[in-house]
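In what follows, every heavy atom counts, from backbone to side chain, and hydrogens, waters and symmetry copies are set aside.
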Amino acid sequence: MKRKTDVVTQLNAQEVWENAQTSRIEEQCMSPFIEEVSNEIAEIIGVDDLEFIDRECNIGEFRADLLYKDTVTGDFIVIENQLGVTNHDHLGKCITYLANIQAKTFVWICEKFRPEHIKAIETLNEITNDEYRFYALELHFEKIEDSEPYCFFQEIVVPTMINKEANNVRMLSSERREQFASLEVLMRDIEKEIPCAHFNNNKSFHKIALRNKIFLGLNISLKKDKLIFEMGTDDDCQKKHLREIAENLNPKNKYHFNFSNGLKNRNLDKWRYMPDWSNWRNEKENIKKICINMYNAIR
């Protein structure tokens, strides 16, 4: 525990890796370090199961520092590291990588963000739809007295449901704004009932649970005005069990979970249920009940 009398020293990355005997600190020191603490990044971006794909991944004539995949959605996640202060080069890489490998999430990690680049990332979150997410994280190192340095991430830009929808919200009626607020309340209520739930305000897909390689999710599209409950797994040993769960839930609760394969991951078995509601916003208690029943079924 840090005491008031402890002397805390702030360090930069060059100082942390000054004995690394390499001039390529970003590639040979920073990227491996970020890979080691990727669980912290996963928590920030709201991904339960982050699968490492490649380091220094070739994308045309460029190379992405770190490439991951969200095993639940199948979406690619690019992490770009940078020493010192942000520059235009890495901002350009962000757009290049997203366009060429169709990644949905970009995480830019740097020691210090310029105000212009903070505004640029915020704008990217505003002008793209809710499938795309842009994060700006500052990496800081500190040490107490003569102890080993420790790191922490400062969230500079994190997408939210409001700024992701900002391109449309400017023209929304007060009624539509209330719908966004209502969705926030619903998400918080479900989190109280299901402690492991993690809802991403910037995405249409919200995780309910992940247990024994079976995931539960809730898809909400404000634009299409649809709500879909999902269960899925790409583990061959669990597919039969998942089918039994779906087939048991259907007659017991009068649900209609239908089977389909994943579009991006053909090995993914998915069971989806889209209730025939004229307005899902009036069905908050039913939504909570379905989420709880799904969660109890896999416990």
Test item: [X] and [Y] side chains (from C-beta on) under 4.5 Å apart, heavy atoms:
X	Y	result
His241	Thr233	no
Trp108	Leu137	no
Tyr273	Met231	no
Thr123	Lys119	yes
Arg188	Val185	no
Phe153	Ile41	yes
Glu15	Asn12	yes
Leu218	Met294	no

Does Asp189 reach the main-chain N or O of Lys192 with its side chain, forming a donor-acceptor pair under 3.5 Å?
->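 No: the side chain of Asp189 does not pair with the backbone of Lys192.
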Residues Leu249, Phe229; criterion side chain to side chain contact (heavy atoms under 4.5 Å, CB included); working and verdict | CA-CA 12 Å; Leu249 282 171; Phe229 298 89; over 6 Å; no
Pair Asp236-Lys239, side chain to side chain contact (heavy atoms under 4.5 Å, CB included): steps then yes or no = CA-CA 5 Å; Asp236 292 336; Lys239 290 180 178 179; 3.1 Å; yes
Looking only at non-hydrogen atoms, find the nearest pair between Ser31 and Leu66 and report the distance.
-> O-CD1, 3.8 Å
Could Asp70 and Lys207 be called an ion pair, given the rule that one side-chain N must be under 4.0 Å from one carboxylate O?
->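 Answer for the salt bridge query: yes.
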What's the separation between atom [atom1] in [X] and atom [atom2] in [Y], rounded to the nearest 0.5 Å?
X	Y	atom1	atom2	result
Ile34	Cys151	CD1	SG	7.0 Å
Cys29	Asn81	SG	CG	11.5 Å
Ile79	Cys57	CD1	SG	12.5 Å
Cys110	Leu83	SG	CG	8.0 Å
Asp234	Ile214	CG	CD1	11.0 Å
Glu247	Leu242	CD	CG	9.5 Å

Assess, by modelled atom type and distance only, whether the side chains of [X] and [Y] contain a donor and an acceptor separated by less than 3.5 Å.
X	Y	answer
Glu142	His140	no
Thr86	Arg114	no
Asp235	Gln238	no

Kindly indicate, with the supporting measurements, whether the criterion side chain to side chain contact (heavy atoms under 4.5 Å, CB included) is fulfilled by Gln82 and Glu26.
-> CA-CA 7 Å; Gln82 183 182 355; Glu26 278 190 18; 3.9 Å; yes
Who else is in Val85's hydrophobic cluster (ILVMFWY, side-chain heavy atoms under 4.5 Å, direct or via others)?
-> none
Would you please name every residue forming a side chain to side chain donor-acceptor pair (under 3.5 Å) with His88, sequence neighbours left out?
->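 Partners of His88 by the side chain to side chain donor-acceptor pair (under 3.5 Å) criterion, ordered by chain and then number, come out as His117.
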Hits for side chain to side chain donor-acceptor pair (under 3.5 Å) against Glu244, two or more places apart or cross-chain, chain-then-number order -> none
For Asn250, enumerate each residue passing the side chain to side chain contact (heavy atoms under 4.5 Å, CB included) test, keeping only those at least two apart in sequence or located in another chain.
->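 Per chain and number, Asn250 pairs via side chain to side chain contact (heavy atoms under 4.5 Å, CB included) with Tyr255, Phe257.
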Heavy atoms from other residues, nucleotides or ligands near NZ of Lys213 exceed 12 (cutoff 6.0 Å) |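 12 or below, so no.
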Could I get the full list of salt bridge (charged side-chain N to carboxylate O under 4.0 Å, His left out) partners for Arg55, not counting sequence neighbours?
-> Glu35
Any ring pair (Phe, Tyr, Trp, His ring centres under 6.0 Å) involving residues 11-56? Give me the pairs, sequence neighbours left out, ordered by first then second residue.
->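 Sorted pair list: Trp17-Phe33, Trp17-Phe141, Phe33-Phe141, Phe52-Tyr68.
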